[in-house]
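The structure appears below as structure tokens.
Model, not experiment: these values are computed from the prediction. Below, chain A is the first sequence line, B the second, and so on; all start at residue 1. FYI, side chains are in, hydrogens and waters are out, and symmetry mates aren't considered; it's all heavy atoms of this structure.
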Amino acid sequence: MTAPSKTVELSYRDAMREAIRDAMRRDNTVFLMGEDVGRYGGCYAVSKGLLAEFGPERIRDTPLSESGFTGAGIGAAMAGMRPIVELMTVNFSLLALDQILNTAATVRHMSGNQFSAPLVIRMATGAGRQLAAQHSHSLEGWYAHIPGIKVLAPGTLEDARGMLWTALQDPDPVLIFENVMLYNMTGKLAADAGAVDIDKAAVRRAGRDVSLITYGGSLWKTLDAATALAAENIDAEVIDLRSLRPLDDATIMRSVAKTRRAVIIDEGWRSGSLSAEICTRIIEQAFWELDAPVGRVCSEEVPIPYSRHLEMAAIPQVPRIIAAAKAALGRA
Amino acid sequence: MTAPSKTVELSYRDAMREAIRDAMRRDNTVFLMGEDVGRYGGCYAVSKGLLAEFGPERIRDTPLSESGFTGAGIGAAMAGMRPIVELMTVNFSLLALDQILNTAATVRHMSGNQFSAPLVIRMATGAGRQLAAQHSHSLEGWYAHIPGIKVLAPGTLEDARGMLWTALQDPDPVLIFENVMLYNMTGKLAADAGAVDIDKAAVRRAGRDVSLITYGGSLWKTLDAATALAAENIDAEVIDLRSLRPLDDATIMRSVAKTRRAVIIDEGWRSGSLSAEICTRIIEQAFWELDAPVGRVCSEEVPIPYSRHLEMAAIPQVPRIIAAAKAALGRA
Amino acid sequence: MTAITDKPRLSRAHSLELLKQMIRIRRFEDKCAELYTQEKIRGFLHLYDGEEAVAVGVIPVLEPRDRIVATYREHGHALVRGVPMTTALAEMYGKQEGCSRGRGGSMHLFDRSTNFYGGNAIVGGGLPLSVGLALADRMRGEDTVTACFFGEGAVAEGEFHESLNLAALWGLPVLFVCENNLYAMGTALAISESETDIQRKAACYRIASEAVDGMDVVAVEAAARRAVHAVRESGKPYFLECRTYRLRPHSMFDAQLYRDKAEVDAWRHKEPIVRFKGWLEANHMIHPDDLARMEAEVDAEVAEAVAFAERGTWEPVEQLTRFTYSDQAA
Amino acid sequence: MTAITDKPRLSRAHSLELLKQMIRIRRFEDKCAELYTQEKIRGFLHLYDGEEAVAVGVIPVLEPRDRIVATYREHGHALVRGVPMTTALAEMYGKQEGCSRGRGGSMHLFDRSTNFYGGNAIVGGGLPLSVGLALADRMRGEDTVTACFFGEGAVAEGEFHESLNLAALWGLPVLFVCENNLYAMGTALAISESETDIQRKAACYRIASEAVDGMDVVAVEAAARRAVHAVRESGKPYFLECRTYRLRPHSMFDAQLYRDKAEVDAWRHKEPIVRFKGWLEANHMIHPDDLARMEAEVDAEVAEAVAFAERGTWEPVEQLTRFTYSDQAA
Ligand SMILES: Cc1ncc(C[n+]2csc(CCOP(=O)(O)OP(=O)(O)O)c2C)c(N)n1
Ligand SMILES: Cc1ncc(C[n+]2csc(CCOP(=O)(O)OP(=O)(O)O)c2C)c(N)n1
Ligand SMILES: [Mg+2]
Ligand SMILES: [Mg+2]
């Protein structure tokens, strides 16, 4: 993340908004549709102000009908539009899962490549705001199981600003997961920041001793852990997956081949989380290079509780990441 | 699977029906609810004949409202009944996923153990009948990601007959996945066969050289593969997981510690399938005992196509299992 | 039968065309049933016998630019819309010459060139799609009509409710065509709906509606003209309930325990082909040789389709995962 | 205000009780807002100000054996139902003395002893539950009533449609109470429903219904009596629309860009407490010291609740995963 010459200070939320505004200006087939994206300004204020600029047709408030308007977005995409469908929270997206899995993900293959649904579906994910068991889950890794869709997890301002346009250009459905703890994150971004690739993982910190593989909301905790580890002379490499489907195996394996040790940090529930798929690919592709079992730091297998201390204990935190990294190095 | 003295010949479908009949007779809080379970006789004929015996109140035909009647089953369970909700096919269960994940799986924890939803949800899963991309998926391993529910996959007549009652006694929600290719499987079952445990994996074939770990519809293909391997002097151990959540790690690790080699056969789409979680647990718990990377045979990452040759190529088959077992033994 | 005066356009040529289209569907379905027993066609097969007047009455009223969304019981809709019988049958054979490359089968006929959006096997799943197709047209200011066909069983699904509300709320040009054949698999209407007068459902969303005798092709066509005209002129949705009956089992796996033969037989007398043919004869609008010619042409077309499907080839297994994503994907 | 004759049961004592319950809720919500700014309460907090007459008018009409299903805006319902203010507030503090052990927070108040089934934060998610609770009662031949509260925004959800149909089709004793406060977050009714007369939705399922001025506690209570009686006697569902208004923002994160102050102010004059109090005064049914006593009692109760919540303890972190499954699990 090299600091460019001319930069602006903004939040992850602002970066997402800029990405939407930019896409809407560049392509009039793009429109935003979802609950309270217009008059309310978006449940996480991402779309605030866009209604005034683009009007209610293109910043379309929908009734509470997740399956209906997500399916409508899929249909509009099949007819040549480029909808951005916003689902408030990943928990509510389950109401639209039939449309996402049974239609959006299947239609190109099932129709013999005659039809496709190139829409983007954005949603908030993750815990940390004490929203309890019906608003706090991290199912992005779970969605990454579905063939026919792509799954992105922007963890930086650059990606919040740059992934949307590339996703809209993609001929297939793309889901973008925005971790709720990142919206208020501020920083500097190149004034002319634009589209970024959506198929490569990024090495956010180079290191020799252990590969810490993560994405989204856990990225910053992992970078903090890496800083703390450095103080103990452990040089951790931090990989930001960026795309959860497809996974960029090459970048992962290159790192593991170098460090010979890996820990995966994933806010999904441990069993059956994306961390398991990554660990398995490392075993399949780099087993003989490993000097230690792959470690993982995930969420406890529990509906996320409201109480702050329990919620914090339920999801990955810096101390657990540090401990897992040391364990991988036999320095527990 | 020792042959008992007095046996009856029946199909997996019959065994499931007997299990339902038996449960309905033993406990009048038990009832069956779902689309066409009554007058039609069940889309896979599992409940055929039960309407005549128990009447329309307890063999309850529902409208096409997956979320509504699954939620109703959850509510009835919260009020003390023991519903068996039948969802025709796992693809349709996505319409009920909000109720399953956001309510059934969370209510006990979220309410501080005041309420719970002890219902059983049964559904058909799997490919092989040329039903194409909206009827053929295997999402049982995906469901196994959800804390708060238990997930069963009966692969034998004994389990088809015995798991339901135990599941109904369980204080938490239990999902039972019935592979569509098993319904017509016939065999002998003890006349007095009854409830079986739902928390232990079973060694269906003991062996020394490699552990073949599987469940449900792939069990029989795996046993066939083991027989073929035996002809080449490869002594495979076949483990039937039976319960996908929780997983019986002890049985898996005991086997792997013995064979030092493992291959997982799972009809789920490869990326993010249950096979990844099992492989990862083996790495976490038995890494130093392994003589080779863990192998896996899964479904191709594609919506299941209609055409028979493509469908067959999309899911695990005996030759691929044999090849994977040999690869694990370095005899590719 | 509808009085002759109701149908100015009912020329002899047009009448014969309506009859022929219904016969085409019937003969095609008969052949499909036969091929199923021969295991040339596999999977789930849902036939349209008895309901032909709906597709034949509605679809020709649409323009080529209009869009169609159908269900797994869509053979008739595809044929009337112009999907070649050859590629439709090849699809059911699973051949790569099929209209969906053999990947979809009977439940998933797709055809881009006729704006035929399938072939949806999730009951109710096609409704949100049709809303989206119409939304795209509406946003582009096109006067395209999207016709969405579904059974009365779909009415109980949440997606029906959400879709009708969205279409009405946003004023979208969707023609909702409910094929009310009184059963959803084995579930009779009265067992699935507290309000069995389906047409009345439309009013709950302030959508204009009409119910028509779905066994009377002329009446269906007349109603479809009114409906399509209303949608195209107003840009708003319209709900057309076609009251019909399924003469065959739901699919090839159905023992029909839920209805007795007498009921089915009673409906056989009302079925659209017998009825329209009889009416044409009574009105001297058809000569025996018209019928003979028509049936000969249809039989020839069916025979050609079978030959085409038989000649068809299997997609190479290497292409199994092709088109899970676009070849053009980044 | 409803004419005195409409309400035989409206004794002075009962009137004062109604007023007190509304004040209890209002004061409690005021305190919650204050505690939120102090960060004692976190997460999403949805307050009930302006809607008190609904919970106070409906819930006391229910029997202890009856069941209640509510939403994330359920503080008032919980208090009127008899969930102690102490454990309700401790829940919002996240303390283990809370009515859900501190795991649920403001949106998930549960209380088994009063058959209070939460506290549901999936809009529409509580409706299928209520259908199931009623189904259980119906199958056991019990004359229990299940009251399901939800906002008008939930009406657009598929789960609303499926649940009303099931309740009507199966004849289940559910009292559906729609709290129509005209907005779903920032979405005005006219932007979410093609049919804005919500009560009419019930007729689409052949469910008896009534709409009542939800700002008039006496009218709500009278309607609730009729409704609960109808459900208990007939065993069938009933739909009660209570027309009300939310005086506060949707939650603590709402800038209220979607409505102007003037609109909110206009409603302040119609709000249920001011209105009922004024009416009682006009009819000489309340003395100033009644009010003073009442407010003193409520303030004492609120103070006690705060003290209780403050005294509360944190559940040991070791118990984080406890009750994901039953301790009794095999
Ligand atoms: C969501 C969903 N649930 C269940 C099914 C299984 N199923 C297929 S067709 C059918 C009956 C549909 O009846 P109707 O809508 O009236 O159409 P018809 O078959 O009568 O033409 C059912 C239950 C399905 N395909 N999708
Ligand atoms: C399924 C679902 N979608 C969206 C949300 C986010 N959300 C919470 S409350 C709300 C508005 C609901 O409005 P209404 O039903 O009228 O109840 P009110 O808040 O007005 O009492 C929304 C959109 C949710 N909790 N659940
Ligand atoms: Mg039907
Ligand atoms: Mg509201």
| remark: If one checks every heavy atom of D/L109 against chain B at 4.5 Å, the contacting part turns out to be neither

| said: On a heavy-atom basis, which atom in D/Y325 and which in B/R108 lie closest, and how many Å separate them? | reply: C-CD, 3.7 Å

| Would a 4.5 Å heavy-atom cut-off, applied to side chains only, mark D/Y117 and B/V107 as touching? | no

| request: Kindly determine whether B/T62 and D/W170 satisfy side-chain contact (heavy atoms from CB on, under 4.5 Å), including the steps that lead there. | output: CA-CA 10 Å; B/T62 66; D/W170 294 345; 3.8 Å; yes

| task | Measure the CE-CZ distance between B/M81 and D/R140 for me, rounded to the nearest 0.5 Å. | result | 6.0 Å

| message | Under 4.5 Å from any heavy atom of chain B, what part of D/R322 do you find: side chain, backbone, both or neither? | response | backbone

| message | Among D/G105, D/S163, D/A136, which residue has the highest count of heavy-atom pairs closer than 4.5 Å to chain B? | response | D/A136

| Where do D/T324 and B/D172 come nearest, in terms of heavy atoms and distance? | O-OD1, 4.5 Å

| field | Derivation of the side-chain contact (heavy atoms from CB on, under 4.5 Å) call for B/R60 and D/M139 | value | CA-CA 11 Å; B/R60 185 173 289 266; D/M139 289 180 81; 4.2 Å; yes

| query | For D/L166 and B/G68, which heavy atoms make the closest approach, and how far apart are they? | reply | CD1-C, 3.5 Å

| query | Is there a donor-acceptor pair closer than 3.5 Å between any side-chain N or O of B/Q114 and the backbone N or O of D/C99? | reply | yes

| note | Rounded to the nearest 0.5 angstrom, the CD-CG distance for B/Q99 and D/L129 is 5.5 Å

| field | Atom group of B/I146 that falls short of 4.5 Å from chain D, counting heavy atoms | value | backbone

| remark: Looking only at D/T144, D/D111, D/N165, D/L127, most heavy-atom pairs under 4.5 Å shared with chain B are made by D/D111

| Tell me, side chain or backbone of B/S111 under 4.5 Å from chain D's heavy atoms, or both, or neither? | both

| message | Under 4.5 Å from any heavy atom of chain D, what part of B/Q169 do you find: side chain, backbone, both or neither? | response | neither

| field | Option among D/E157, D/E159, D/E162 that satisfies the side chain to side chain donor-acceptor pair (under 3.5 Å) test with B/S67 | value | D/E159

| field | Separation between CE of D/M107 and CE of B/M110, rounded to the nearest 0.5 Å | value | 9.5 Å

| field | Heavy-atom pair count under 4.5 Å with chain B, highest-scoring of D/D137, D/L135, D/V131, D/L133 | value | D/L133

| message | Counting heavy-atom pairs under 4.5 Å with chain D, which one of B/P173, B/P147, B/A76, B/G73 comes out on top? | response | B/A76

| Side chain, backbone, both or neither: which part of B/I149 has a non-hydrogen atom closer than 4.5 Å to chain D? | backbone

| field | Under 4.5 Å from a heavy atom of chain B, the part of D/L164 involved | value | neither

